[in-house]
Amino acid sequence: MNERSSQSQLFFERVWDVVRCIPEGKVTSYGAIARFLGAARSARMVGYAMNASHKHDPSIPAHRVVNRLGLLSGKNHFSNPQRMQHLLEKEGVLIKDDKVQEFEKLFWDPLTELESF
DNA sequence: ATGCTGACGTCGC
DNA sequence: CGCGACGCCAGCA
């Protein structure tokens, strides 16, 4: 494993740490996490980290991460596409047409909530 | 081996 | 102000 890929691995782990901090019933976005980690243009990698999260640690609440519009863009990557919505609804988050209702109200921004890392 | 594809978001024109 | 291009780079075909 070269240095660059170990950096990426580190990035993944930081993403997972942040995701683990998301409280129940709250959601955040890929971009917010990316910005929080100082990599504003790596939102895509955050999504990729979510994909990898399943096999790394299934307990990571990947369902609490949606895109910046509040859409459940990653639901197809769960064992069952309905799984993501179901998990959120179980936490009291209402979903309609794959979109989080009252998204702004439920939005959990690591920049404000964690303030620094 | 090598090339393409994405759980996105920002920047440029 | 709308649309297109690019950055990011691990996994898979």
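Each chain gets a letter, A, B and so on, in the order its sequence line appears, and its residues count up from 1. Keep in mind that the numbers below use all heavy atoms, side chains included, and drop hydrogens, waters and symmetry copies.
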Might you list the N or O atoms of the protein lying below 3.5 Å from N or O atoms in nucleotides 11-13 of chain C, with each pair's distance?
from, atom 1, to, atom 2, distance (Å)
dG11(C), O4', Tyr48(A), OH, 3.2

Kindly give the atom pairs (protein nitrogen or oxygen, nucleotide nitrogen or oxygen) under 3.5 Å for nucleotides 4-8 of chain C.
from, atom 1, to, atom 2, distance (Å)
dG7(C), O6, Arg44(A), NH1, 3.1
dG7(C), N2, Arg41(A), O, 3.4

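For the C1' atoms, the distance linking dC6(C) with dC4(B) amounts to 16 Å, nearest Å. When the P atom is used for both dA5(C) and dT5(B), the distance is 15 Å, rounded to whole Å.
Closest heavy-atom contact between Phe36(A) and Leu114(A): CZ-CD1, 3.9 Å. Closest approach of Ser53(A) and Ala62(A) over heavy atoms only: OG-CB, 4.1 Å.
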Can you give the donor-acceptor pairs under 3.5 Å from side chains of residues 65-73 of chain A to other protein atoms, not counting sequence neighbours?
from, atom 1, to, atom 2, distance (Å)
Asn67(A), OD1, Leu69(A), N, 3.0
Asn67(A), OD1, Gly70(A), N, 3.2
Asn67(A), OD1, Leu71(A), N, 2.9

Solution key, residues 88-95 of chain A side-chain donor-acceptor pairs under 3.5 Å, sequence neighbours excluded:
from, atom 1, to, atom 2, distance (Å)
Glu89(A), OE2, Gln85(A), NE2, 3.1
Glu91(A), OE1, Gly25(A), N, 3.0
Glu91(A), OE1, Arg64(A), NE, 3.0
Glu91(A), OE2, His63(A), NE2, 3.1
Glu91(A), OE2, Arg64(A), NE, 3.3
Glu91(A), OE2, Arg64(A), NH2, 2.8

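Evaluation of the salt bridge (charged side-chain N to carboxylate O under 4.0 Å, His left out) rule for Glu104(A) yields no partner, not counting sequence neighbours. Taking Trp16(A) as the reference, Phe12(A), His56(A) meet the ring pair (Phe, Tyr, Trp, His ring centres under 6.0 Å) condition, with sequence neighbours excluded. Taking the ring pair (Phe, Tyr, Trp, His ring centres under 6.0 Å) definition, one finds that His54(A) meets it with Phe78(A), sequence neighbours left out.
Looking at residues 65-98 of chain A, you'll see Asn67(A), Arg68(A), Ser73(A), Gly74(A), His77(A), Phe78(A) sit with a heavy atom under 4.0 Å from some atom of DNA chain B.
Counting non-hydrogen atoms under 4.0 angstrom, His54(A) reaches a base of the nucleic acid.
Taking a heavy-atom distance under 4.0 Å as the criterion, the stretch of DNA chain B touched by chain A extends 5' to 3' from dG6(B) to dT10(B).
Residues in residues 69-85 of chain A take part in these salt bridge (charged side-chain N to carboxylate O under 4.0 Å, His left out) pairs, two or more places apart or across chains: Lys75(A)-Asp98(A). Residue pairs meeting the salt bridge (charged side-chain N to carboxylate O under 4.0 Å, His left out) criterion with at least one partner in residues 23-41 of chain A, sequence neighbours excluded, are absent. Screening residues 44-60 of chain A for salt bridge (charged side-chain N to carboxylate O under 4.0 Å, His left out), with sequence neighbours left out, gives Arg20(A)-Asp57(A).
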